[in-house]
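Working notes, beginning with the structure itself.
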Protein chains: 2
Amino acid sequence: MPLTKDMILDAAEQVLRRYGPDKTSVIDIAKSLQVSHGTLYRHFASKAALREAVTERWLDQSIAGPLEGIAGTAEGSAAEQLRLWLEALIKKKRDYAAEDAEMFAMYAAVTLERGPMLTMHVDRLMKQIASIIERGMRAGEFKPGTADAVARSVFLATESFHHPAHAHEWSSETVDEDFAAVWSLLLSGLK
Amino acid sequence: MPLTKDMILDAAEQVLRRYGPDKTSVIDIAKSLQVSHGTLYRHFASKAALREAVTERWLDQSIAGPLEGIAGTAEGSAAEQLRLWLEALIKKKRDYAAEDAEMFAMYAAVTLERGPMLTMHVDRLMKQIASIIERGMRAGEFKPGTADAVARSVFLATESFHHPAHAHEWSSETVDEDFAAVWSLLLSGLK
């Protein structure tokens, strides 16, 4: 059976979860696939590239993909849709930080490196926000403006609730109240 | 000459800057003051307490103190004053991250611990924002509301520009443009 990218990523994700990103070597992943590490290097040039590819797939499947469903809705209040979208993003981040600690730690590390993959992920999320804001602008629910720029601002202004560097703050007792207050200020700015 | 708190903090800050927080011991600080570490422990119960006290004084002197001057002004546009205050906070954080890396790293570490000292520092900053917002509300420049809650939202919504966990993003080419966009959304929400 030929070695597919998905087979490698499945094995890599499993091994990374078991040993953690620091202790996992490319040899460990090659072993679990019963191939030589030379074979693996033909698909991924480095352990960093492999780690990034695993994180990219995880972000697509766990965060950006599911949120696409909310952003794709074109009915009802855009404000309500945007709040739901943000709350879903925040809930996902919190849940993964607590329940999928290894993958979340890997994602947090990749975030610090600020490579092109992470920029693409953030762009994908901002585009989802922009599509909601654009609909709200067209409907006259939001004041007119450049949807992309406003979406970027909404994303940045809510980072303390979804950026992985703030994960240690998400267990705070006031975090939901804080988000509600920030949301209310932003919504007031959008309208 | 009796050992004062300020003398200890001066020595501790010097030693911490020289060796970095991880490599500094209470014994190093005691040596630089030519006292026994027992004497030092009578003033500060632990290395952590000493490190926190040094950071607290640094935050007061370098951040909260100087900003008080801007917040204390009661003339002109409150919106303009709030923008100046935020820009000053952001500039200070960026400058210290680049030019006073040891103290900034210590402050970033203390931030992760989220102890009462840091809460007090953040509260002090939020009170300064609240005083500006309250003046703007009284003058009818900002829409009415609870100044403290709105101030907290403004602080949280701008964290990607001043929270130390985001320091690695402050050299981005778009950071000034990003702040301008977030500020414009927030201002629109305040008015």
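Proteins come first, then strands; the chains are lettered A, B, ... in the order of their sequence lines, and each starts at number 1.
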- In one Ile/Leu/Val/Met/Phe/Trp/Tyr side-chain cluster, 4.5 Å: B/Ile27, B/Val15: no

- Between A/Val150, A/Leu187, A/Leu112, which has the largest tally of heavy atom pairs under 4.5 Å with chain B? A/Leu112

- Given side chain to side chain contact (heavy atoms under 4.5 Å, CB included), test B/His163 with A/His163 step by step and report yes or no. CA-CA 12 Å; B/His163 189 293; A/His163 189 293; over 6 Å; no

- Task: Go through the atoms of B/Thr174 and report whether side chain, backbone, both or neither lie under 4.5 Å from a heavy atom of chain A.
- Result: side chain

- Take A/Val154 and B/Val182, measure what side chain to side chain contact (heavy atoms under 4.5 Å, CB included) needs, and give me the verdict at the end. CA-CA 7 Å; A/Val154 168; B/Val182 168; over 6 Å; no

- Side chain from CB out, backbone as N, CA, C, O: work out which of these in A/Ser160 comes under 4.5 Å of a heavy atom of chain B, or both, or neither. both

- Hey, any chance A/Met120 and A/Met106 share a hydrophobic cluster, counting ILVMFWY side chains that come within less than 4.5 Å of each other, even indirectly? no

- Might you confirm whether atom CD of A/Glu177 has over 12 heavy atoms from other residues, nucleotides or ligands at distances under 6.0 Å? no

- Item | A/Lys92 atom NZ, over 12 foreign heavy atoms within 6.0 Å | yes

- Query: Taking atom OG of A/Ser153 and atom CG of B/Asp178, what is their separation to the nearest 0.5 Å?
  - Reply: 7.5 Å

- Verify the neighbour count for atom NZ of B/Lys5: are there more than 12 heavy atoms of other residues, nucleotides or ligands below 6.0 Å? no

- Does B/Met7 share a hydrophobic cluster with B/Leu16, counting links as ILVMFWY side-chain heavy atoms below 4.5 Å and allowing steps through other members? yes

- Query: So which of A/Gly145, A/Ala181, A/Ser188, A/Ser184 has the biggest tally of heavy-atom pairs under 4.5 Å with chain B?
  - Reply: A/Ser188

- Message: Does B/Glu75, at its CD atom, have more than 12 non-hydrogen atoms belonging to other residues, nucleotides or ligands within less than 6.0 Å?
- Response: no

- The reported gap from OG1 in B/Thr158 to CG in A/Leu156 (rounded to nearest 0.5 angstrom) is 11.0 Å

- Message: Check this for me: A/Glu80, atom CD, are more than 12 non-hydrogen atoms of other residues, nucleotides or ligands nearer than 6.0 Å?
- Response: yes

- With chain B, the option among A/Lys191, A/Glu159, A/His168 that has the most non-hydrogen atom pairs under 4.5 Å is A/His168

- Message: Report which part of A/Phe179 has an atom under 4.5 Å of a heavy atom belonging to chain B: side chain, backbone, both, or neither.
- Response: neither

- Task: Examine whether an atom of A/Glu169 lies under 4.5 Å from a heavy atom of chain B, and if so say whether it belongs to the side chain, the backbone or both; otherwise answer neither.
- Result: both

